[in-house]
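Have a look at the structure below, then the notes.
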There are 2 protein chains.
Amino acid sequence: MATELFSTYSYLLDRTARKVKQYAQRRFNAENYDITVDQWLIIKNLNNTNDLNQSQLADITGKDHPTFTRIIDLLCKKGLTERKIQPNDRRCFLIHLTNLGKQRVLEWSPKMAEIRMKAWQNLTEKDYKNLKRILDTIYMNLDEHEKFINEL
Amino acid sequence: MATELFSTYSYLLDRTARKVKQYAQRRFNAENYDITVDQWLIIKNLNNTNDLNQSQLADITGKDHPTFTRIIDLLCKKGLTERKIQPNDRRCFLIHLTNLGKQRVLEWSPKMAEIRMKAWQNLTEKDYKNLKRILDTIYMNLDEHEKFINEL
DNA sequence: TTTATATATTTGTCATACTAACAATAAGTA
DNA sequence: TACTTATTGTTAGTATGACAAATATATAAA
């Protein structure tokens with residue numbers, strides 16, 4: 001593999017991930033959608049699987065638990081989600097998408113899909129499969145937990 | 001293209017980029033290398049092309065200017081770089097890798113290469129070329145400046 | 001029942017990403 | 001020269017990411 005700095009996958013990955021997030025955020029802002037890319041990821045996911053607790057949702061969306069707490073704080077402040085107490089386990093909350101939250105997901109989804117497709121111009125279904133395979137392989141190569149599981 | 005959260009390239013990209021950075025940082029910390037991944041990227045690059053000004057270096061390493069200012073502040077505090085005044089243009093500094101900086105690049109490079117290869121297990125040269133092509137395509141699709149250039 | 005351990009969430013700290021506003025300097029122009 | 005515009009870099013504010021530590025509650029063990 002080439003060892004030149006700018007040929008390294010880590011630089012390319014970081015740069016591209018940032019570009020995608022940055023582009024999406026600018027499009028959100030241009031439409032006056034008062035939400036960040038990471039916040040969107042979460043409410044979009046809540047629309048599919050509502051009423052999970054924070055830990056589960058954090059894991060699903062790939063966020064650190066402290067980071068997740070803070071993002072939910074902001075979503076609650078915006079009225080898009082709420083924390084529901086569970087009487088049978090008072091350690092955890094269920095994160096619930098409010099009616100406003102559901103409305104926003106419906107309202108904003110088409111634009112989000114359009115933005116997502118924009119990045120994929122000139123690429124094929126096969127490219128997607130390859131990308132997914134390569135990224136998943138890298139992820140697994142570095143994931144301590146998965147490595148442990150595989151050794152069992 | 002699939003629309004599920006876990007099948008979106010943006011999620012995969014973000015997740016993988018973070019995993020790579022996180023893994024590298026943990027390995028740095030384990031070796032007591034007092035440096036972050038982003039700081040390393042910059043001194044590694046300075047070792048090839050020393051004495052550029054901040055704007056040029058920020059562009060090369062893909063950082064925005066405010067972020068770059070802060071990273072250079074930290075690198076200078078650690079004695080790895082220094083800002084040199086240019087008499088003919090007093091707006092900008094040349095960023096200079098100190099002797100300690102050069103020493104650290106030499107000292108740490110082998111471990112960094114090892115860490116980089118770790119993520120690439122089970123992948124081929126062809127995978128690398130594909131990944132690079134796909135990521136570059138996504139980047140170009142979203143890059144306003146390049147788009148403008150291409151239209152000329 | 002008391003103690004120990006595990007789970008869920010929060011708080012604090014540092015680093016980075018991005019935006020906006022600002023200061024200093026340089027370069028172009030009337 | 002004086003005015004305007006562009007460039008370079010900094011600072012401040014908000015959001016996120018990673019990690020360590022604290023808090024509250026639940027569960028298991030002695």
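Below, each value reflects all heavy atoms present in this structure, side chains not excepted, and no hydrogens, waters or symmetry copies. Letters go in sequence order (proteins before strands), and every chain restarts at 1.
Residues forming a ring-ring contact (aromatic ring centres under 6.0 Å, His included) with Tyr33(B) (at least two apart in sequence, or on another chain): Trp108(B). For His65(B), there are no side-chain hydrogen bond (donor to acceptor under 3.5 Å, both in side chains) partners, not counting sequence neighbours.
Looking at Asn130(B) and Arg133(B), their side chains do bring a donor and an acceptor atom within 3.5 Å of each other.
Residue Gln25(A) is out of contact with every strand shown, counting any heavy-atom pair closer than 4.0 Å.
When distances are taken from the side chain of Arg26(A) to each of dT19(C), dA17(C), dT10(D), the shortest belongs to dT19(C). Here dA15(C) is the nucleotide among dA26(C), dA15(C), dG9(D) with the atom lying nearest to any side-chain atom of Gln39(B). Looking at the side chain of His65(A), the nearest of the listed nucleotides dT10(C), dA17(C), dT16(D) is dT10(C). Closest to the side chain of Ser55(A), out of dA26(D), dG9(D), dT9(C), is dT9(C). Nearest to the side chain of Asn53(A), among dT9(C), dT8(D), dT19(C), sits dT9(C).
Of the possible polar contacts, none joining the Glu82(B) side chain to the His96(B) backbone as a donor-acceptor pair under 3.5 Å is found. Checking side-chain atoms of Thr98(B) against main-chain N and O of Gly79(B) turns up a donor-acceptor pair under 3.5 Å.
Arg90(A) places its CZ atom 15 Å from the C1' atom of dT7(C), with the value rounded to the nearest Å. Separating the CZ atom of Arg18(B) from the P atom of dA17(C) is a distance of 13 Å, rounded to the nearest angstrom. Between Asp38(A) atom CG and dC18(C) atom C1' there is a gap of 13 Å when expressed in whole angstrom units. Between the CG atom of Leu41(A) and the C1' atom of dG17(D) there is a distance of 14 Å, rounded to whole Å. For the pair Leu94(A) CG and dA8(C) C1', the interatomic distance rounds to 12 Å; values are reported in whole Å. At whole-Å resolution of the value, CZ in Phe28(A) and P in dC18(C) are 14 Å apart. Between the OH atom of Tyr33(A) and the C1' atom of dA15(D) there is a distance of 21 Å, given to the nearest Å. Asp64(B) places its CG atom 15 Å from the P atom of dT8(D), with the value rounded to the nearest Å.
To the nearest 0.5 angstrom, Arg15(A) atom CZ is 11.5 Å from Thr61(B) atom OG1.
Between Pro87(A) and Gln56(B), it is Gln56(B) whose nearest contact on DNA chain D lies nearer the 5' terminus. With DNA chain C read from its 5' end, the first of the two nearest nucleotides for Arg83(A) and Asn29(A) is the one closest to Arg83(A).
At least one side-chain nitrogen or oxygen of Lys63(A) sits closer than 4.0 Å to the OP1 or OP2 atom of dG17(D). Between Lys21(A) and the phosphate of dG17(D), there is a side-chain N or O to OP1/OP2 separation shorter than 4.0 Å. Residue Gln86(A) has no polar side-chain atom (N or O) positioned under 4.0 Å from OP1 or OP2 of dA8(C). Distances shown here put every side-chain N or O of Gln54(B) at or beyond 4.0 Å from the OP1 or OP2 atom of dT8(D). Residue Thr36(B) places at least one side-chain N or O closer than 4.0 Å to OP1 or OP2 of dT16(C).
Taking a cutoff of 4.0 Å between a charged side-chain nitrogen and a carboxylate oxygen, Arg18(B) and Asp14(B) qualify as a salt bridge. Using a 4.0 Å cut-off between charged side-chain N and carboxylate O, Asp64(B) and Arg70(B) make no salt bridge.
In terms of polar N and O atoms assigned as donor or acceptor, the side chain of Arg91(B) comes within less than 3.5 Å of the base of dT7(D) in a complementary pairing.
For residues 67-82 of chain B, proximity to DNA chain D is found at Thr69(B), Arg70(B), defined as any non-hydrogen atom under 4.0 angstrom from a strand atom.
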